[in-house]
Every structure is written in C-alpha cells, then in structure tokens.
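Reviewing the structure listed below.
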Amino acid sequence: MSVIQDKQLDEISICDLFIPSEKVAHVQINNPLEHALLVLVKSGYSAVPVLDSSYKFVGIIGKTVILNGILGLERFEIEKLSEMKVKDVMDSNIPTLTRESTLLDGLNSVIDHTFVCLVDKEGYFDGILTRRAILKEIKKNVYINSYKK
Ligand code: 4BW
C-alpha cells in the first residue's frame, strides 16, 4: 500500500472542501443556553460554532458543556438554561484555519476536533472544514496496490 506524502497534502487547497458559512448551523455568544441546546438538538450536531454580533468567530459550543454547565449537586438545574448564556460555557480556545490553509493543516486540526472553523483575516466566520471532508479527500488520493501471489 502506498499513501500520499506530506508534501502532496501540503499542496492540496481546502477551498473546495469546506462548508460555507451560510450552510453552517451556529449560535451567538449572547444567546441563552436554552436556544443553543435547541439549535444543537434540532440540527442533530453535537457541537456548532459561536459567533459574536458582527459574525466574527469566537468559539464552539456542544451539548456536553451545556449539560455540565447546568449540572447541580444532585440534578440538572433546568432553570439555568434561560439564566446562563453561551459565553458562560463555550470553548474559546479553538484553533482556526483560513481559505489559504492546506489539506495538511486541515488534517492536523481534525485529529483533536471533529471540525475546524475557517475565518478571514479580520476574524469573520467563513465556514467549517469537517473531519468527513478531510477523510474523503485523503481517500481519493490513497492508492492501494494488492498483489496476487
Ligand atoms: O445532519 C447530518 N447530515 C449528515 N450528512 N451527516 C451527519 C449529520 N449529523 C451528523 N452527521 C455525521 C457526519 O459524518 O456524524 C458525524 C459527526 O457529527 P457531529 O460533528 O458529532 O455532530 C459527522 O461528521 P462530519 O461531517 O465530519 O462533521 C463533524 C462535525 O462538524 C459535526 C458537527 O459538530 C460539525 N458540523 C458538520 N456540519 C455542520 C456542522 N455544524 C454546523 N452546521 C453544519 N452544517
């Protein structure tokens, strides 16, 4: 079996691979957790990007951090869903890519994350690159040679 080399991965653009912002479910930083949970449950995604009021990327929020955020000592404190905001629990320490990034950059990013957000040079949200899109592109470039003995 021979696989593509790092050099080739570094030559492949992610421009045709990412999901553009208008097709990505997202929430805003000041939304109550209740709204974020509704978006996550209705979209079926486990995590989505968080944007500020000017559509700049600020982080990611998922179902698990929301449930942890409302977890009390002995029960889920459901009333907190309307009291707490996305900014209280979101993960803001998230790497980003740009349209100029390569497939190798994308591959490195989706080792630890199921998707990575793309931003422009001013930080405006541009879209997401998913682990699925990366794996599909790499599969297209992997050549498997089987030998009959
Ligand atoms: O609604 C879905 N449609 C399809 N075609 N596939 C889905 C859907 N929901 C989940 N999947 C599949 C994908 O293969 O399950 C994987 C894990 O989903 P996740 O993480 O845990 O919700 C999906 O893998 P993926 O396409 O590589 O996507 C990785 C992650 O990117 C998802 C989700 O957090 C995010 N994501 C993907 N498309 C999105 C999105 N977030 C917002 N809007 C989108 N359009």
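Predicted, not measured: the structure shown is a model, and the values here were computed from it. Both ligands and their constituent atoms are indexed starting at 1 by order of listing.
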Protein contact for [atom] (heavy atom, distance under 4.0 Å):
atom                    : answer
atom 20 (O) of ligand 1 : yes
atom 35 (C) of ligand 1 : yes
atom 29 (C) of ligand 1 : yes
atom 5 (N) of ligand 1  : no
atom 40 (C) of ligand 1 : yes
atom 11 (N) of ligand 1 : no

In terms of residue, atom name and distance, what is the protein heavy atom nearest to [atom]?
atom                    : value
atom 43 (N) of ligand 1 : A25 N, 2.9 Å
atom 22 (O) of ligand 1 : S46 N, 2.8 Å
atom 7 (C) of ligand 1  : Y45 CE2, 4.6 Å

Sub-4.5 Å side-chain heavy-atom contact between [X] and [Y]:
X    : Y   : answer
D88  : K85 : yes
D52  : Q28 : no
K121 : T98 : no

| query | Can you check whether I128 has an N/O within less than 3.5 Å of an N/O in ligand 1? | reply |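 No: no nitrogen or oxygen of I128 is under 3.5 Å from one in ligand 1.
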
| Polar-atom distance check: I19 versus ligand 1, any N or O pair below 3.5 Å? |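 No.
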
| query | So among I94, L51, V50, which one has a side chain to side chain contact (heavy atoms under 4.5 Å, CB included) with V58? | reply |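 For V58, the side chain to side chain contact (heavy atoms under 4.5 Å, CB included) check succeeds only for V50.
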
| query | Among L17, L9, L129, which one satisfies side chain to side chain contact (heavy atoms under 4.5 Å, CB included) with E137? | reply |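 Output: one option passes, namely L17.
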
| query | More than 12 non-hydrogen atoms from neighbouring residues, nucleotides or ligands closer than 6.0 Å to CD on E74, yes or no? | reply |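 No, CD of E74 has 12 or fewer neighbouring heavy atoms, counting only those of other groups under 6.0 Å.
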
| field | Verify same cluster id: I66, V86 (apolar side-chain graph, 4.5 Å) | value |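 Same cluster: I66 reaches V86 through Ile, Leu, Val, Met, Phe, Trp or Tyr contacts under 4.5 Å.
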
| Relative to the heavy atoms of R131, which atoms of ligand 1 are at a distance of less than 4.0 Å? |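 Counting from 1, the qualifying ligand atoms are 27 (O).
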
| said: If the cut-off is 4.0 Å to any non-hydrogen atom of V24, which atoms of ligand 1 fall inside it? | reply: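 Matching atoms, with element in brackets: 42 (C), 43 (N), 45 (N).
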
| said: Quiz question: by atom type and distance under 3.5 Å, do the side chains of K87 and N30 form a donor-acceptor pair? | reply: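 There is such a pair between these side chains.
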
| task | Using heavy-atom distances, let me know which of K136, R132, K23, K63 sits nearest atom 13 (C) of ligand 1. | result |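 Nearest heavy atom to atom 13 (C) of ligand 1 lies in R132.
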
Check: residues 102-112 side-chain donor-acceptor pairs under 3.5 Å, at least two apart:
{"residue": "T102", "atom": "OG1", "partner": "D10", "partner atom": "OD1", "Å": "3.1"}
{"residue": "T102", "atom": "OG1", "partner": "L104", "partner atom": "N", "Å": "3.4"}
{"residue": "T102", "atom": "OG1", "partner": "D105", "partner atom": "N", "Å": "3.3"}
{"residue": "T102", "atom": "OG1", "partner": "D105", "partner atom": "OD2", "Å": "3.2"}
{"residue": "D105", "atom": "OD2", "partner": "T102", "partner atom": "N", "Å": "2.8"}
{"residue": "N108", "atom": "ND2", "partner": "L104", "partner atom": "O", "Å": "3.3"}
{"residue": "S109", "atom": "OG", "partner": "D105", "partner atom": "O", "Å": "2.9"}

